[in-house]
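Below is one structure, written out as structure tokens, with a few remarks after it.
Just so it is clear, the structure is predicted and the values come from calculations on it, not from any experiment. Order of listing sets the numbers, starting from 1, for every ligand and every atom in it.
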Amino acid sequence: MNTYLLVALCLAGAELLRRIYLALTVAFTGPLSKIPGPFWNKLSPLPWAIQNLTGNAMNIAPKYFEKYGEVIRVGPRDIMIAEKSGVQKILIDEDFIKAPIYQSIRMHPGVTSLITERDRAVYRQKRRLISPGFSISYLNGLEPLMKECLDVFERCLNAEVKKGGGYAVIDMNQMLGNLTSDVMSATSFGGSFGLVESNDKRLRNLVLDRLKRAALDAQFPFINYLPFVPPSQGDEFNSIIDNIVAKRKDSGKKKKDLLQIFVDVNDANPETFSHLHLREEMSLFMIAGSDTTSTTATFTLVLLLNNQDKLKKLVEEIDTSFPSKDDPITFARTQELPYLNAVINESMRVMPIVALGLARYAEEDTIISGYEIPKGTIVAPAIGQLMKDPRIWPDPERFVPQRWLEGYKGTKADTKAFHPFSSGSRNCPGQQFALRELRIILVTLFLRYELSLISGQSHEMRLHSVPWFTQGFYNVGVKRR
Ligand code: HEM
């Protein structure tokens, strides 16, 4: 054999042995070796990366927790924690910084948005910047814009019902997704996209593509540097945002909304907050502000339609508070419905849209949930699993809104084990926006319509940032009341 080839083979063999030795050392020695988890996950990040890429992580994680306990190792340096004090420590008490994975999901390398910023001081500045767009008085002022979108939604539902001779089967997953995109664009970007009216599926498909690509970027960050790989966010998505920005700038008029906040900062500091920064933030709000709320609303319908006694109780509460079907459905009146609020909380507990994720980074050696965690470990609170802990939530899989009111089996809901909007400094800024929107959507649907279960539908899901039905729709029977 050629000598050069022999030397090359020996070097390759030596490198392979070195890597195997390293993998074995990381897997089976040191503090993380005491944390249980699937065998191959300890040796390589690949098995967990594949689950994330295929969207199956949400389905497999509960099985791992059942088998291995409330703290599990899903990668050589990755752990997930479903134990209450551990989650509290990571998110609130010690406010761990976000994991490097958030760096990898930036559309433009080096350009951060609110969600992908890892530096605490820069993040605080960004959060302060958007805070006027989420103050209670500002949110309350959005009511007429949200109502206009709901009016269009009702008009379109009525038209479908009429077309079907008094009954229609509606893909609520799609229609609510379009509604929340219309609400987001109407309240924050200067005008509704009109997706409910046009029944356009394109934007939601673009969002899904973007989220799938983000999962790929997160697991294999190097792909963004390969010459033949298309950019993380395609031209179509970018041009939607660029057109919104250009329209606002060209109009010469100022509005009081989120877009204006970003446009003003861009005008004042084009170097530090460039057009790419503006695009990152706008994309984030477009994605984070729509499918999150619509999926939560759809899941609430799934749970209510499969629990008719709870649905009946909710409809009774709504009918008592709104004696006429034409009563105005306002933020103030829907906020005061205790059973509705309990239904929403319970829905976010049983079917949370962010059950996994929230990956954080241990900057120092520390102890979490009784385990030694070395510096450099990725620690991810599994909030979905914590919200199913049977020691905290009796019959955790059951949909029991009463937990949030009088209690269930002698136990009241524990708000310290409830984090559907995350918690701590990096919690969801859109929480109050989303709750207002959810309440008026649900009251509109149950005051004015009789919804019925279309049985036999698959509930199988895949997680691409938020869960998506693999069948691609969720049908509901609709009649006017
Ligand atoms: C029911 C609806 C919603 C749920 C359950 C929800 C949940 C969450 C969760 C769990 C996070 C933390 C994600 C992470 O750390 O990786 C988050 C972050 C975020 N959410 Fe929401 N969200 C909802 C609606 C909204 C809405 C309507 C908006 C905008 C109007 C919004 C804007 C954001 C933003 C900008 C972040 C990033 C915050 C940061 O990293 O600092 N969300 N959301």
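Both the backbone and the side chain of Ile115 come within contact range of ligand 1, each with a heavy atom under 4.0 Å. Contacts between Phe299 and ligand 1 below 4.0 angstrom, taking non-hydrogen atoms only, are absent altogether. Within the 4.0 Å heavy-atom criterion, neither part of Glu437 lies near ligand 1. Contacts between Leu435 and ligand 1 below 4.0 angstrom, taking non-hydrogen atoms only, are absent altogether.
For atom 16 (O) of ligand 1, the closest non-hydrogen atom on the protein side is Tyr102 OH, 2.5 Å. Atom 39 (C) of ligand 1 has its closest protein heavy atom at Tyr123 OH, 3.5 Å.
When each atom of ligand 1 is checked for a heavy atom of Phe433 under 4.0 Å away, the hits are 27 (C). Those atoms of ligand 1 with a heavy atom of Leu358 less than 4.0 angstrom away are 12 (C), 13 (C), 14 (C), 15 (O), 16 (O). Those atoms of ligand 1 that come under 4.0 Å of a heavy atom in Ile353, given as number and element, are 4 (C), 5 (C). Atom numbering of ligand 1 starts at 1 in the shown order; those under 4.0 Å from a heavy atom of Lys98 are 14 (C), 15 (O), 16 (O), 39 (C), 40 (O). Atoms of ligand 1 lying under 4.0 Å from any heavy atom of Thr296, numbered from 1 in the order shown and given with element: 1 (C). The contact set between ligand 1 and Phe285, taken as ligand atoms under 4.0 Å from a residue heavy atom, comprises 29 (C), 35 (C). Residue contact check: Met184 has heavy atoms under 4.0 Å from atoms 30 (C) of ligand 1.
A donor and an acceptor atom, one from each side chain of Arg403 and Asn345, are nowhere located under 3.5 Å apart. Side-chain N/O atoms of Thr180 and Ser290 include no donor and acceptor closer than 3.5 Å. A donor-acceptor contact closer than 3.5 angstrom is absent between the side chains of Thr334 and Glu336. Side-chain contact check for His275 and Asp242: at least one donor-acceptor pair (N or O, by modelled atom type) lies under 3.5 Å.
The number of protein N, O or S atoms lying under 2.8 Å from atom 21 (Fe) of ligand 1 is 1.
Remark: Arg73 is not positioned above the aromatic ring of Tyr68, lacking an NZ or CZ atom under 6.0 angstrom from the ring centre and at most 45 degrees off the axis. In this structure, Arg118 is not positioned above the aromatic face of Tyr102 in the sense of NZ or CZ being under 6.0 Å from the six-membered ring centre and within 45° of the axis. In this structure, Arg439 forms no cation-pi arrangement with Phe331, as its terminal cationic atom is not both closer than 6.0 Å to the ring centre and no more than 45° off the ring axis.
Of the options Ser423, Ser113, Pro420, Ser347, the smallest heavy-atom separation from atom 7 (C) of ligand 1 is shown by Pro420.
Here the two rings, on Trp404 and Phe418, have centers that are under 6.0 Å apart.
Taking 4.0 Å as the cut-off between side-chain N and carboxylate O, Arg120 and Glu363 count as a salt-bridged pair. Salt bridge Lys84/Glu70: absent, no basic N to carboxylate O contact under 4.0 Å. Ion pairing of Arg248 with Asp257 is present here, as a side-chain N (NZ or NE/NH1/NH2) and a carboxylate O approach within less than 4.0 Å.
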*Steps toward salt bridge (charged side-chain N to carboxylate O under 4.0 Å, His left out) verdict (Asp389, Arg391)*: CA-CA 5 Å; Asp389 185 333; Arg391 294 166 303 185; 2.7 Å; yes
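To the nearest 0.5 Å, atom OG of residue Ser188 and atom CG of residue Leu259 are 9.0 Å apart.
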